[in-house]
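Keep in mind the model is a prediction, meaning the values are calculated, not measured.
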Amino acid sequence: MAKTNPIEFLQEVGAETAKVVWPTRRETAITTIMVFVFVFLACVFFFLADMVLRTAVTMILGFGQ
């Protein structure tokens, strides 16, 4: 593989950066809200799963009486 000099490298980086399609402010906000919603749902799911498993283990082993 041929080495490129720093000037050519920077020109290629600039050309590739120009091809990037950046999200709009609205798309970024919607995506951020979706991430927070799914994090909240995951927290609720794992909390409930933990409660069920804790109750089952407590009943099986007879701890906490």
**Request:** Not counting sequence neighbours, list each pair that qualifies as a side-chain hydrogen bond (donor to acceptor under 3.5 Å, both in side chains) and has a residue in residues 9-18.
**Result:** Glu16-Lys19
**Atom pair OG1 (Thr24) and CD1 (Ile30), whose distance is rounded to the nearest 0.5 Å** = 7.5 Å
**Message:** Do Leu48 and Phe40 land in one hydrophobic cluster if side-chain heavy atoms of ILVMFWY residues count as linked below 4.5 Å?
**Reply:** yes
**Item:** Cluster overlap Val52 with Met59, hydrophobic side-chain contacts below 4.5 Å
**Value:** no
**Asked** Just how far is it from atom CZ of Phe46 to atom CG of Leu53, taken to the nearest 0.5 Å?
**Response** 11.0 Å
**Item:** Phe47 reachable from Val44 in the ILVMFWY side-chain graph, under 4.5 Å edges
**Value:** yes
